[in-house]
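Notes for the one structure printed next.
The structure displayed is predicted, hence computed values, not measured ones.
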Amino acid sequence: MNFEKSNYFKLLNHKKLALSFGDFYLMNRFIISELHEGIHFDWDKIQVLAAELIRHYGYGLKIGYISNRINPYSLDPHLWTQFNQEFGFIIASAAVVYDDISYMNATLEKQFTSNSLKRCSSLEEAIYWMQNIEEFKI
């Protein structure tokens with residue numbers, strides 16, 4: 001389910017960031033990403049997004065990342081390692097998967113990150129988990 005069509009769209013205070021490769025909804029502690037169909041989420045796009053997030057949240061940010069996989073796209077899972085080394089501000093992630101292929105991709109990505117990465121079957125599950133993770137209670 002698209003975030004804008006969910007009950008949370010009106011309930012959660014957010015700012016929409018529309019980039020050429022996807023839409024990002026910026027909340028206080030986490031973001032929700034909805035990448036466009038068929039894009040390859042490569043390092044250049046990650047750097048654009050990281051710069052926008054730093055501009056919005058400021059330096060020293062620590063946020064969660066929900067990947068709402070409503071569209072198929074590709075990502076090199078090794079980029080998790082590179083991202084954590086260069087930026088390191090995502091403390092936990094949730095992947096909302098809607099089919100078996102997305103679930104398998106999220107399982108593979110889980111192997112490349114040292115942070116929590118939860119695979120969820122609904123956007124509601126991911127938001128609830130993100131609002132209650134231990135990483136934000138530290």
Side-chain angles (χ1 to χ4, degrees):
M1 170 183 291
N2 180 291
F3 176 65
E4 291 186 5
K5 294 178 182 174
S6 76
N7 293 334
Y8 287 100
F9 184 73
K10 291 182 181 176
L11 294 174
L12 296 175
N13 186 23
H14 66 277
K15 176 185 174 193
K16 182 177 181 180
L17 172 63
L19 298 175
S20 63
F21 49 87
D23 295 324
F24 302 85
Y25 302 91
L26 314 180
M27 277 42 117
N28 184 33
R29 289 186 175 179
F30 62 92
I31 69 169
I32 297 173
S33 73
E34 294 179 348
L35 297 175
H36 296 318
E37 184 172 357
I39 68 113
H40 178 65
F41 196 43
D42 59 16
W43 186 245
D44 290 339
K45 291 175 182 72
I46 290 170
Q47 288 180 305
V48 168
L49 176 59
E52 290 293 334
L53 294 177
I54 291 168
R55 192 174 354 267
H56 176 79
Y57 292 103
Y59 289 98
L61 71 154
K62 296 293 181 193
I63 58 171
Y65 183 88
I66 296 175
S67 175
N68 190 23
R69 299 180 179 192
I70 57 173
N71 297 312
Y73 64 90
S74 62
L75 165 74
D76 178 354
H78 288 98
L79 292 178
W80 277 108
T81 304
Q82 187 175 355
F83 178 88
N84 286 334
Q85 289 173 348
E86 180 134 352
F87 299 107
F89 57 74
I90 293 179
I91 61 170
S93 300
V96 183
V97 297
Y98 297 96
D99 57 38
D100 291 340
I101 292 173
S102 292
Y103 185 87
M104 289 187 308
N105 288 340
T107 300
L108 178 63
E109 289 171 38
K110 189 174 173 76
Q111 305 304 312
F112 290 92
T113 183
S114 57
N115 300 333
S116 299
L117 191 156
K118 179 169 176 60
R119 293 155 297 182
C120 303
S121 59
S122 70
L123 185 56
E124 291 79 12
E125 178 186 4
I127 291 171
Y128 179 81
W129 180 77
M130 194 61 69
Q131 291 175 324
N132 292 285
I133 58 174
E134 289 297 318
E135 286 87 345
F136 286 128
K137 296 176 183 175
I138 296 173

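Taking all atoms of both residues into account, the shortest heavy-atom contact from S121 to V96 is C-CG1, 4.4 Å. E124 and S6 make their closest contact through OE2-CB, 4.5 Å (heavy atoms, listed as atom of the first residue, atom of the second, distance).
Summarising the geometry, atom CG belonging to D23 is positioned 8.0 Å from atom CD1 belonging to I70; distances are rounded to the nearest 0.5 Å. Taken from OH in Y57 to CD in E52, the straight-line distance is 12.0 Å, to the nearest 0.5 Å. Between atom CG of residue N28 and atom CD of residue Q131 there is a gap of 10.5 Å, rounded to the nearest 0.5 Å. Remark: L75 CG to I39 CD1 distance equals 8.5 Å, nearest 0.5 Å.
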List, one per line, each side-chain donor-acceptor pair under 3.5 Å for residues 61-68, sequence neighbours excluded.
{"from": "K62", "atom 1": "NZ", "to": "G88", "atom 2": "O", "distance (Å)": "3.3"}
{"from": "Y65", "atom 1": "OH", "to": "S33", "atom 2": "OG", "distance (Å)": "2.8"}
{"from": "S67", "atom 1": "OG", "to": "R69", "atom 2": "NE", "distance (Å)": "2.9"}
{"from": "S67", "atom 1": "OG", "to": "Y73", "atom 2": "OH", "distance (Å)": "3.0"}
{"from": "N68", "atom 1": "OD1", "to": "Y98", "atom 2": "OH", "distance (Å)": "2.7"}
{"from": "N68", "atom 1": "ND2", "to": "M1", "atom 2": "O", "distance (Å)": "2.8"}
{"from": "N68", "atom 1": "ND2", "to": "E34", "atom 2": "OE2", "distance (Å)": "2.7"}

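For D99, the side chain to side chain donor-acceptor pair (under 3.5 Å) test picks out S102, with sequence neighbours left out.
Neither I31 nor Y128 shares a network with the other; the hydrophobic side chains, linked directly or stepwise wherever heavy atoms of I, L, V, M, F, W or Y lie under 4.5 Å apart, form separate groups for each. Grouping the Ile, Leu, Val, Met, Phe, Trp and Tyr side chains by contacts below 4.5 angstrom, directly or via other members, places L79 with L19.
Using bins of under 30°, 30° to 60° and over 60° for the plane-to-plane angle, the ring pair F24/F21 lands in the perpendicular bin.
Two rings, from F89 and F83, have their centers less than 6.0 Å apart.
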Verdict with supporting geometry, N2 and L123, side-chain contact (heavy atoms from CB on, under 4.5 Å): CA-CA 8 Å; N2 180 291; L123 185 56; over 6 Å; no
Evaluate the criterion side-chain contact (heavy atoms from CB on, under 4.5 Å) for residue pair F41 and L49; output intermediate values, then yes/no. CA-CA 10 Å; F41 196 43; L49 176 59; 4.0 Å; yes
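The closest donor-acceptor contact from the side chain of H14 to the backbone of L12 lies under 3.5 Å.
With no hydrogens or angles considered, no side-chain donor-acceptor pair links D42 and H40 at under 3.5 Å.
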